[in-house]
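In listed order, ligands and their atoms are each counted from 1. Because only heavy atoms are used, hydrogens play no part in the values below, and waters and symmetry mates are left out as well, while side chains stay in.
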Amino acid sequence: MDVQLLHSTAQGMVAPGRGILAVDESHPTIGKRFAALGIESSEETRRVYRQMFFASPEIEQYISGVILFDETIRQQSDDGTPFPEMLSGKGIIPGIKVDRGAKNLATSAGEKVTEGLDELRERLEEYFDLGARFAKWRAVITIGDGIPSRSCIEANAHGLARYAALCQEASVVPIVEPEVLMDGDHDIETCDAVTTEVLHRVFSELRHQNVLLDGIVLKPSMVISGSNCTSRASCEEVADRTVGCLRRTVPCAVPGIAFLSGGQSDGDATSHLDAMNRRGPHPWNLTFSYGRALQATAMKVWATNNCDIDGGSAAFLHRARLNSSATRGSYEPAMETATP
Ligand code: 13P
């Protein structure tokens, strides 16, 4: 284990002004998103689409790391450069999704547990050789009638900690991602209580598995109203509750927290992050690790204009720039329409 490397990678991932681009959708997920826009999902369309992001001019000003999928880490740019090399050449850290998905939790209807520990040590060694310096594992917690159960929270927290320990052994920084889903009609108070419980359990398991907290990045969901909740919490309440929940649960040794967007609109994901950073300084850097909230508009522009690379790339850079401002608490809604 190279502790120096773990520290420098983790610090680099959450450096102020920069955040993480998640383009690690599984084949079924990217397939659904492409199909909705009339694009066929093939190895080549996925390569061309993802290359659009990596080749965006000055992406490195806003993006510190990219989460790749197994297929993508083995692909190359048009000129034959392997994607991990292309990214690291721009000072962007390549990362890799290593979980094998959220599967139904036995005996608990409606709940999931993330799998993927099998052969993980060997897979991490290979990914390190391919250039990955961080990894991602996403656990999913659903709020509903009588759930989440204690067994679901414990099973997922245990899996995250076992994964994190294996990553650090391989000198790969683990992104620890416990996502409390927005789906449902629960209110923000319920989300706050569940997220607090989940994070307490995750950090307790990380300690049991001897994970170095200064060599991880936490990727939580924000504390937010359920997507079908009739009383929507304001941006200010989301920021207050999310920061409060993190202060109660996340040790200050953790260098950074990079939020997922989880189905929020592009604008909400940016303004929530901005509002939290306006409340700083915090013990940890607060940044983004967005998938949909960085890609949605870019994918639409690309797909609906006959695979328009320049248009898609410009839409992505615009979003990345706004989220970069949000990491400093200097985003203004007027920037949404301003030309750079
Ligand atoms: P979203 O930002 O679309 O939630 O995706 C982030 C991610 O990596 C989910 O695991």
Side-chain angles (χ1 to χ4, degrees), residues 13-14 19-34 36 46 49-50 53 62-73 93-103 112-116 132 134-143 156 159-160 163-164 167 173-184 191 195 198 202 216-224 226-227 238 242 256-273 276 286-300 315-316 319-320 322-324 326-327:
M13 289 163 69
V14 297
I20 297 166
L21 167 67
V23 282
D24 60 325
E25 300 84 4
S26 63
H27 293 337
T29 301
I30 192 94
K32 262 185 255 156
R33 293 183 187 159
F34 275 10
R46 293 188 292 268
Y49 169 70
R50 286 166 170 155
F53 295 101
Y62 317 112
I63 301 295
S64 57
V66 173
I67 314 175
L68 302 166
F69 191 64
D70 180 77
E71 174 184 82
T72 325
I73 200 170
I93 309 169
I96 181 75
K97 171 208 192 77
V98 300
D99 69 68
R100 287 184 163 154
K103 307 290 163 65
K112 305 272 184 195
V113 62
T114 300
E115 296 189 351
F134 71 91
K136 165 189 138 169
W137 175 289
R138 171 175 173 259
V140 180
I141 305 292
T142 308
I143 299 179
N156 277 295
L160 277 167
Y163 139 83
C167 284
V173 169
I175 289 188
V176 174
E177 180 176 356
E179 175 173 8
V180 176
L181 291 178
M182 262 174 81
D183 305 352
C191 181
T195 307
V198 167
V202 166
I216 72 164
V217 169
L218 179 70
K219 175 163 171 169
S221 38
M222 296 181 194
V223 175
I224 200 164
S227 41
V238 170
T242 306
I257 297 174
F259 293 98
L260 57 88
S261 59
Q264 298 181 55
S265 68
D266 296 0
D268 281 357
T270 306
S271 46
H272 288 153
L273 178 63
M276 285 186 244
L286 295 185
T287 186
F288 57 91
S289 175
Y290 295 159
R292 282 162 287 180
L294 277 172
Q295 290 185 61
T297 310
M299 186 189 284
K300 205 165 165 188
F316 159 65
R319 225 40 264 159
L322 300 184
N323 282 307
S324 165
T327 69

Taking 4.0 angstrom as the limit and counting only heavy atoms of A22, give me the atoms of ligand 1 inside it, by number and element. 8 (O)
Those atoms of ligand 1 less than 4.0 Å from some heavy atom in G262: 1 (P), 2 (O), 4 (O)
With heavy atoms of S289 as the reference, note each atom of ligand 1 found under 4.0 Å away. 6 (C)
Under a 3.5 Å distance rule, please check whether S265 uses its side chain to pair with a backbone N or O of D268 as donor and acceptor. yes
Of the backbone atoms (N, CA, C, O) and the side-chain heavy atoms from C-beta on, which set of E179 has a member under 4.0 Å from an atom of ligand 1: side chain, backbone, both, or neither? neither
Backbone or side chain, does any N or O of Y290 fall under 3.5 Å from an N or O of ligand 1? no
Measuring from non-hydrogen atoms of A293 to any atom of ligand 1, is the shortest distance under 4.0 Å? no
Number the atoms of ligand 1 from 1 as they appear, then name those within less than 4.0 Å of a heavy atom of K219, with their elements. 6 (C), 7 (C), 8 (O)
Distance-only, no hydrogens or angles: does the N156 side chain make a donor-acceptor pair with backbone N or O of T114 under 3.5 Å? yes
S64 (side chain) donor-acceptor with G19 (main chain) under 3.5 angstrom: yes
Spacing of R319 atom CZ and Y290 atom OH [to the nearest 0.5 Å]: 9.5 Å
May I ask you to check whether G263 has an N/O atom sitting below 3.5 Å from an N/O atom of ligand 1? no
Can you list the ligand 1 atoms lying under 4.0 Å from a non-hydrogen atom of E177? 7 (C), 9 (C), 10 (O)
Determine whether any heavy atom of A269 lies closer than 4.0 Å to an atom of ligand 1. no
Interatomic spacing from CD in E25 to NZ in K32 - rounded to 0.5 Å: 11.5 Å
Does G291, backbone or side chain, put an N or O under 3.5 Å from an N or O of ligand 1? yes
Counting from 1 in the order shown, the ligand 1 atoms closer than 4.0 Å to a non-hydrogen atom of S261 are 1 (P), 2 (O), 3 (O), 4 (O)
Is the side chain of K136 donor-acceptor paired with the backbone N or O of I67 at a distance under 3.5 Å, no angle test? no
Going by heavy atoms, is K136 under 4.0 Å from ligand 1? yes
Within the 3.5 Å criterion, strictly below it, is a donor on E177 or Y163 matched to an acceptor on the partner's side chain? no
Under the 3.5 angstrom rule, does the side chain of R50 hit a backbone N or O of V23 as a donor-acceptor pair? yes
Counting distance only, does the side-chain N/O of S221 pair as donor-acceptor with the main-chain N or O of V180 below 3.5 Å? yes
Hey, does R292 come in under 3.5 Å of ligand 1, counting only N/O atoms on both sides? yes
